[in-house]
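On a predicted model such as this, the values are computed, not experimentally measured, just so you know. The sequence lines fix the lettering, A, B, ..., with proteins before strands; numbering per chain opens at 1.
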There are 2 protein chains.
Amino acid sequence: MRFSKKVEYALIAMVEMAQQSGYSELVTARSLSKEYRIPPEILSKVLQKLTRIGLLQSVQGIKGGYTLAKPVDQINLLEVVESIDGPLRLVACNTGRPCDCEQFLFCNIQTPMQYIQDEFAQLLRTITLKDLLTRMKGDFTWVYDQKNFNKIDKLVGQSV
Amino acid sequence: MRFSKKVEYALIAMVEMAQQSGYSELVTARSLSKEYRIPPEILSKVLQKLTRIGLLQSVQGIKGGYTLAKPVDQINLLEVVESIDGPLRLVACNTGRPCDCEQFLFCNIQTPMQYIQDEFAQLLRTITLKDLLTRMKGDFTWVYDQKNFNKIDKLVGQSV
DNA sequence: ATTAAATGCGACCAAAAAAGTCGTATTTAT
DNA sequence: ATAAATACGACTTTTTTGGTCGCATTTAAT
């Protein structure tokens with residue numbers, strides 16, 4: 001019952017991109033992976049998926065990078081989640097066919113669970129990247145606290 | 001991003017118990033596990049957890065079994081899920097402490113994700129066992145289709 | 001009393017999913 | 001030509017989940 005790490009990485013990256021570039025400048029996978037301690041190969045693949053699906057735009061080559069493909073209020077959480085992890089499925093038995101879970105013919109919760117899934121999907125659909133940005137005020141106080149940066153600088157032995 | 005099998009088993013069992021007993025008669029783990037093809041040891045442990053948390057009542061001994069401890073409209077999904085899987089946590093970094101995810105001091109989505117989790121928890125809190133029961137009308141048409149029962153009878157080589 | 005059928009637990013093993021790594025190709029500004 | 005970036009797939013490791021085994025306790029029926 002967790003979002004996958006990849007989805008977290010996607011959201012971290014997109015939030016950062018929204019703050020940094022404002023749709024204009026490019027951000028590289030490498031810089032993001034450094035800043036947020038995300039394995040670069042994984043982050044790259046995540047960003048590539050988001051690009052293929054049309055949430056990001058990419059530019060190849062030595063001056064390349066990524067940028068948001070749409071305004072922040074037009075990117076909702078459901079698209080992000082489904083871009084990375086595939087179609088939302090809260091239970092095993094809602095694939096369209098009558099029921100293919102282990103309890104097949106006897107499953108008694110298929111229809112109700114479908115309803116719950118629809119509700120959750122709707123919730124994710126109503127939350128946009130913009131909502132995330134407006135809700136992260138509290139984080140700034142410590143994310144950009146200089147003491148923390150110094151601590152990390154020491155920790156990893158390099159400038160951030 | 002799935003409910004665990006154990007949570008599914010819990011819901012299947014509780015829905016069945018609500019239909020069968022109407023709070024009076026006892027249902028055994030064994031009969032449920034047979035009817036829904038759930039490994040009996042697992043189902044037992046699930047029902048035991050639900051009992052400890054107070055959602056079911058149990059009676060030990062040879063005539064024992066389980067029954068719902070509360071009316072169906074007073075059992076919500078959040079209690080069921082948290083009884084089985086522990087506190088709801090959609091992301092790694094909302095444990096109360098500032099942030100203990102891999103991106104620790106740099107995580108920029110902690111607060112927004114907490115908000116999403118709260119919204120989802122509220123959704124689960126508003127859905128009761130009664131809602132599940134009223135939404136499963138569609139299932140009856142095939143769950144109780146005699147042809148299916150015959151098919152299963154042949155499949156497992158015993159009366160159901 | 002003995003037995004059988006039920007709940008109650010904990011330790012352990014196996015399978016599946018997720019996370020992460022490695023290698024290589026392609027693109028493009030310098 | 002080179003360096004730094006995206007693009008992509010195969011593979012390995014780790015973690016989580018699902019499932020199994022064994023044993024103890026309770027209690028109705030004989």
Side-chain angles (χ1 to χ4, degrees), chain A residues 1-10 12-13 17 21 25-34 36-67 69 81 83-87 89-92 101-103, chain B residues 1-10 12-13 17 21 25-34 36-67 69 81 83-86 89-93 101-103:
Chain A
M1 217 48 218
R2 296 238 181 122
F3 287 111
S4 70
K5 280 272 186 77
K6 290 177 185 174
V7 167
E8 290 185 39
Y9 295 158
I12 288 174
M17 291 167 73
S21 70
E25 295 168 32
L26 296 175
V27 180
T28 68
R30 177 168 169 74
S31 68
L32 286 171
S33 86
K34 262 190 168 178
Y36 289 100
R37 272 68 183 168
I38 301 172
E41 302 92 345
I42 298 223
L43 183 60
S44 289
K45 275 186 290 193
V46 165
L47 298 180
Q48 283 159 26
K49 273 192 176 179
L50 293 173
T51 303
R52 255 174 296 179
I53 226 75
L55 298 183
L56 299 182
Q57 284 186 322
S58 70
V59 174
Q60 285 195 330
I62 195 168
K63 279 282 195 182
Y66 298 92
T67 188
V81 169
S83 299
I84 306 297
D85 288 342
R89 283 179 58 192
L90 289 189
V91 289
C101 66
E102 296 302 313
Q103 283 64 47
Chain B
M1 219 45 221
R2 295 239 181 122
F3 287 111
S4 70
K5 280 273 185 76
K6 290 177 186 175
V7 166
E8 289 186 40
Y9 294 158
I12 288 174
M17 291 168 72
S21 70
E25 293 167 36
L26 296 174
V27 181
T28 68
R30 178 167 169 74
S31 69
L32 286 170
S33 86
K34 260 188 167 179
Y36 290 100
R37 274 67 184 168
I38 301 171
E41 303 90 345
I42 298 224
L43 183 60
S44 289
K45 274 186 291 193
V46 165
L47 299 181
Q48 283 161 25
K49 273 191 178 179
L50 294 172
T51 303
R52 253 174 298 179
I53 224 77
L55 297 182
L56 299 183
Q57 284 185 321
S58 71
V59 174
Q60 285 195 331
I62 197 168
K63 279 282 194 180
Y66 298 91
T67 189
V81 169
S83 300
I84 306 297
D85 289 341
R89 283 179 57 191
L90 290 187
V91 290
C93 58
C101 66
E102 295 303 313
Q103 283 64 48

For this session: Take the protein atom CD of B:E41 and the nucleotide atom P of C:dC9, then report the distance between them rounded to whole Å.
Result: 16 Å
For this session: Check if the side chain of A:K45 and the base of D:dT6 share a donor-acceptor pair of N or O atoms closer than 3.5 Å.
Result: no
Exercise. How close or far is atom P of C:dT7 from atom CZ of B:R30, stated in whole angstroms?
Worked result: 10 Å
For this session: For B:I38 and D:dG18, give me the distance from atom CD1 to atom P, rounded to whole Å.
Result: 12 Å
Exercise. Closest heavy-atom contact between B:I53 and B:S83?
Worked result: CG2-OG, 3.1 Å
Exercise. In whole Å, what is the span from the CD1 atom of B:I84 to the P atom of D:dG18?
Worked result: 11 Å
Taking distance alone, no hydrogens or angles, what donor-acceptor pairs closer than 3.5 Å link side-chain atoms of residues 43-51 of chain B to residues at least two apart or in another chain?
unit_1	atom_1	unit_2	atom_2	d
B:S44	OG	B:P40	O	3.0
B:K49	NZ	B:I84	O	3.1
B:T51	OG1	B:L47	O	2.7

Exercise. Okay, side chain of B:R2, backbone of A:R89: is any donor-acceptor separation there less than 3.5 Å?
Worked result: yes
Problem set entry | For atom CG of B:L43 and atom P of D:dT17, their distance in whole Å | 19 Å
Exercise. Where do B:R37 and B:K34 come nearest, in terms of heavy atoms and distance?
Worked result: NH1-O, 2.9 Å
Exercise. Within the structure shown, what part of the strands sits under 4.0 Å from A:S44 by heavy-atom distance: base, sugar-phosphate, or nothing?
Worked result: nothing
Exercise. Do A:L32 and A:I38 come within less than 4.5 Å of each other through their side chains, counting heavy atoms only?
Worked result: no
Problem set entry | B:L32 CG to C:dA5 P, straight-line distance once rounded to whole Å | 18 Å
Exercise. Can you give one letter per nucleotide of nucleotides 24-30 of chain C, going 5' to 3': B for a protein heavy atom under 4.0 Å from the base, S for sugar-phosphate only, - for none?
Worked result: ---BBB-
Problem set entry | Which atom of A:S4 lies closest to which atom of A:D85, heavy atoms considered | OG-OD2, 3.0 Å
Exercise. Once you round it to whole Å, what is the distance between C1' of D:dA7 and CD of A:Q57?
Worked result: 17 Å
Problem set entry | Summary of protein contacts for nucleotides 13-19 of chain C, nucleotide by nucleotide, where a base hit scores B, a sugar-phosphate-only hit scores S (4.0 Å, heavy atoms) | ------S
Exercise. Is the closest side-chain heavy-atom distance between B:M17 and B:L56 below 4.5 Å?
Worked result: yes
Problem set entry | Rounded distance (Å) that lies between atom P of D:dA7 and atom CD1 of A:I53 | 14 Å
